[in-house]
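As C-alpha cells, the structure follows; a few thoughts come after it.
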Amino acid sequence: MTRTAIDAAAGGRTRPASRANRRVGRALRLLGLSLVVPAVLLAGVWWWTGQAGNFYFPPASEVARYFADLWLFDRVSGDVLPSLGRMFAGYAIAVVAGVVLGTALGLFRPLRTAADPVVQFLRALPPPALIPFALLLFGAGDWSKVFIIALGTVWPILLNTIDGVRGVEAQQLEAARSFQIPAWARLTRIVLPAATPRIFAGMRTSLSIAIILMVVSEMVASDNGIGYFVLESQRSFAIPEMWTGIVLLGVLGFVLNWLFVVMEARVLFWHRGLKGNSDA
C-alpha cells in the first residue's frame, strides 16, 4: 500500500474523531460562556447583600442556609410535590385540548371562522380574574388550581397549533388525496409532523405561564404549595424564608425549561437538520 493510500485511510478513520472533538470543544465553550454572567451576578448579589444590612434583602449566605434547611428535603413532599402535581395536570390538559382543538380549527375554515370570536374573547380574560369562579365551581381543592392553570396555558398551544396546521402546503395535501391516502394517515403523516415545530413553540411558552399560574393560584384559598409558602412567609415577615421560595421557583423554571429544550431537540432533530441548525 502506498503512503498516499495509508494517509487517506488514516484520515478517514480520524475524521469522525476530530468532528466529535470539535463538538465537545464547542459545547464546553458554550457552557463556559453561559456560566459567566450568572456567576458574575451571583457574586455581585452575594457581596451586596452581605454588606447592605437591609432587612428586605438579607445576606445571600443566610438565604442559602435557609434554603438548605427548608427545601433539602424538608418541605418537598408538603409543598413542592403538590405544586408540581397541579402544574403538570393543568399543563397536560392544556396540551391535549390545545392540540386537538387547534388541529380541528386549523383544518376546517368554517369551524375556525365560527369559533374565532369565542376564542379571542376567552383568551383575553386574565386567568387570575377567574379564581373566584373556579373556587365556586370546584371549591378550594386542587381542581380549582388545575382549572386556572389549564385555562391560562391552553392559548399559546391552541393558537400555534392553528397556525402550524394552516401552514401545511396545499400541494402536499392535494398530492396525498390524489394518491387516495386516508384522512387519518394524512393527519398523522403530513399535517401533525409539519405543525409540530409550531406546537412545541406554543408548549414552551405555556410552560412558563403554567409556573406563574401555579404560584398565583396557590396564593388564594390554599394550605400548601410553593406559592402559599411564599405568601405566608411574606405575611409573617420571614424574609429569608420568602426569598428561598422565590429562588426555588427560579430554579424549577430553569430546570423545567432545560428539560423541555432537551426533549424538543430530540423530537425535532429532523427540523433542525432541515433548517441547517444541526451540528456539523
Side-chain angles (χ1 to χ4, degrees), residues 84-125 127 137-138 142-143 145-211 213-214 256-279:
L84 292 179
R86 291 187 284 257
M87 189 201 75
F88 283 126
Y91 184 71
I93 293 172
V95 170
V96 174
V99 172
V100 172
L101 294 177
T103 301
L105 295 176
L107 287 174
F108 303 106
R109 183 174 181 179
L111 182 61
R112 183 170 66 251
T113 303
D116 185 69
V118 177
V119 170
Q120 299 303 326
F121 173 79
L122 290 178
R123 80 182 188 95
L125 292 175
L137 190 63
F138 298 103
D142 290 343
W143 281 109
K145 302 169 182 59
V146 172
F147 172 78
I148 293 298
I149 295 170
L151 185 64
T153 56
V154 70
W155 305 114
I157 303 171
L158 175 68
L159 297 177
N160 275 273
T161 302
I162 294 173
D163 289 341
V165 171
R166 292 182 63 190
V168 178
E169 294 184 2
Q171 294 84 349
Q172 293 181 349
L173 297 177
E174 290 297 331
R177 292 191 187 96
S178 66
F179 283 103
Q180 298 182 350
I181 296 177
W184 179 253
R186 293 199 301 269
L187 176 64
T188 57
R189 300 294 181 87
I190 299 176
V191 175
L192 288 180
T196 300
R198 296 298 301 271
I199 295 174
F200 268 84
M203 289 171 59
R204 186 175 181 182
T205 302
S206 292
L207 183 61
S208 61
I209 298 175
I211 297 174
L213 293 178
M214 174 193 76
L256 291 176
N257 181 73
W258 177 78
L259 292 174
F260 187 90
V261 170
V262 171
M263 180 189 68
E264 182 183 25
R266 290 183 177 273
V267 175
L268 299 180
F269 67 94
W270 56 270
H271 180 70
R272 293 169 62 88
L274 290 176
K275 293 295 184 180
N277 295 327
S278 60
D279 293 333

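Just the heavy atoms: all of them, side chains too, but no hydrogens, waters or symmetry mates, feed the values below.
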* For V154 and A97, which heavy atoms make the closest approach, and how far apart are they? -> CG2-CB, 4.3 Å

* **Any donor-acceptor pair under 3.5 Å from S206 side chain to M203 backbone** => no

* **Pair I93-F147, side chain to side chain contact (heavy atoms under 4.5 Å, CB included): steps then yes or no** => CA-CA 9 Å; I93 293 172; F147 172 78; over 6 Å; no

* Distance only, no hydrogens: is a donor on one side chain within 3.5 Å (strictly under) of an acceptor on the other, for Q180 and R177? -> no

* Asked: How far does CD1 of I162 sit from CG of L105, to the nearest 0.5 angstrom?
  -> 4.5 Å

* Judged by atom type as modelled, is there a donor-acceptor pair below 3.5 Å linking the side chain of R86 to the main-chain atoms of M214? -> no

* Asked: Roughly how far apart are I149 CD1 and Y91 OH, rounded to 0.5 Å?
  -> 12.5 Å

* Which atom names give the shortest non-hydrogen contact between I209 and P156, and what distance separates them? -> CD1-CG, 3.8 Å

* Spacing of I199 atom CD1 and I157 atom CD1 [to the nearest 0.5 Å] -> 9.5 Å

* Taking the side chain as every heavy atom from C-beta outward, state whether R189 and I181 have any pair of such atoms under 4.5 Å apart. => no

* Going through the checks in order, is the side chain to side chain contact (heavy atoms under 4.5 Å, CB included) test met by L107 and L187? -> CA-CA 10 Å; L107 287 174; L187 176 64; 4.0 Å; yes

* Side-chain heavy-atom pair L125, W155 within 4.5 angstrom cut-off -> no

* Heavy-atom pair with the smallest gap, counting every atom of A201 and N160 -> CB-OD1, 4.3 Å

* To do: Count the heavy atoms of every other residue, nucleotide or ligand shown that sit under 6.0 Å from CZ of R112, and state whether that count exceeds 12.
  => yes

* **Working for side chain to side chain contact (heavy atoms under 4.5 Å, CB included), residues V146 and W143** => CA-CA 5 Å; V146 172; W143 281 109; 3.9 Å; yes

* Asked: Of all heavy-atom pairs between L268 and P197, which one has the smallest distance, and what is that distance?
  -> CD1-CA, 3.9 Å

* Nearest-0.5 Å distance, CG of residue L151 to CG of residue L213 -> 8.5 Å

* To do: Working to the nearest 0.5 Å, report the span between OG1 of T153 and CD1 of I148.
  => 10.5 Å

* To do: Report the distance from atom CZ of R123 to atom CG of L159, rounding to the nearest 0.5 Å.
  => 5.0 Å

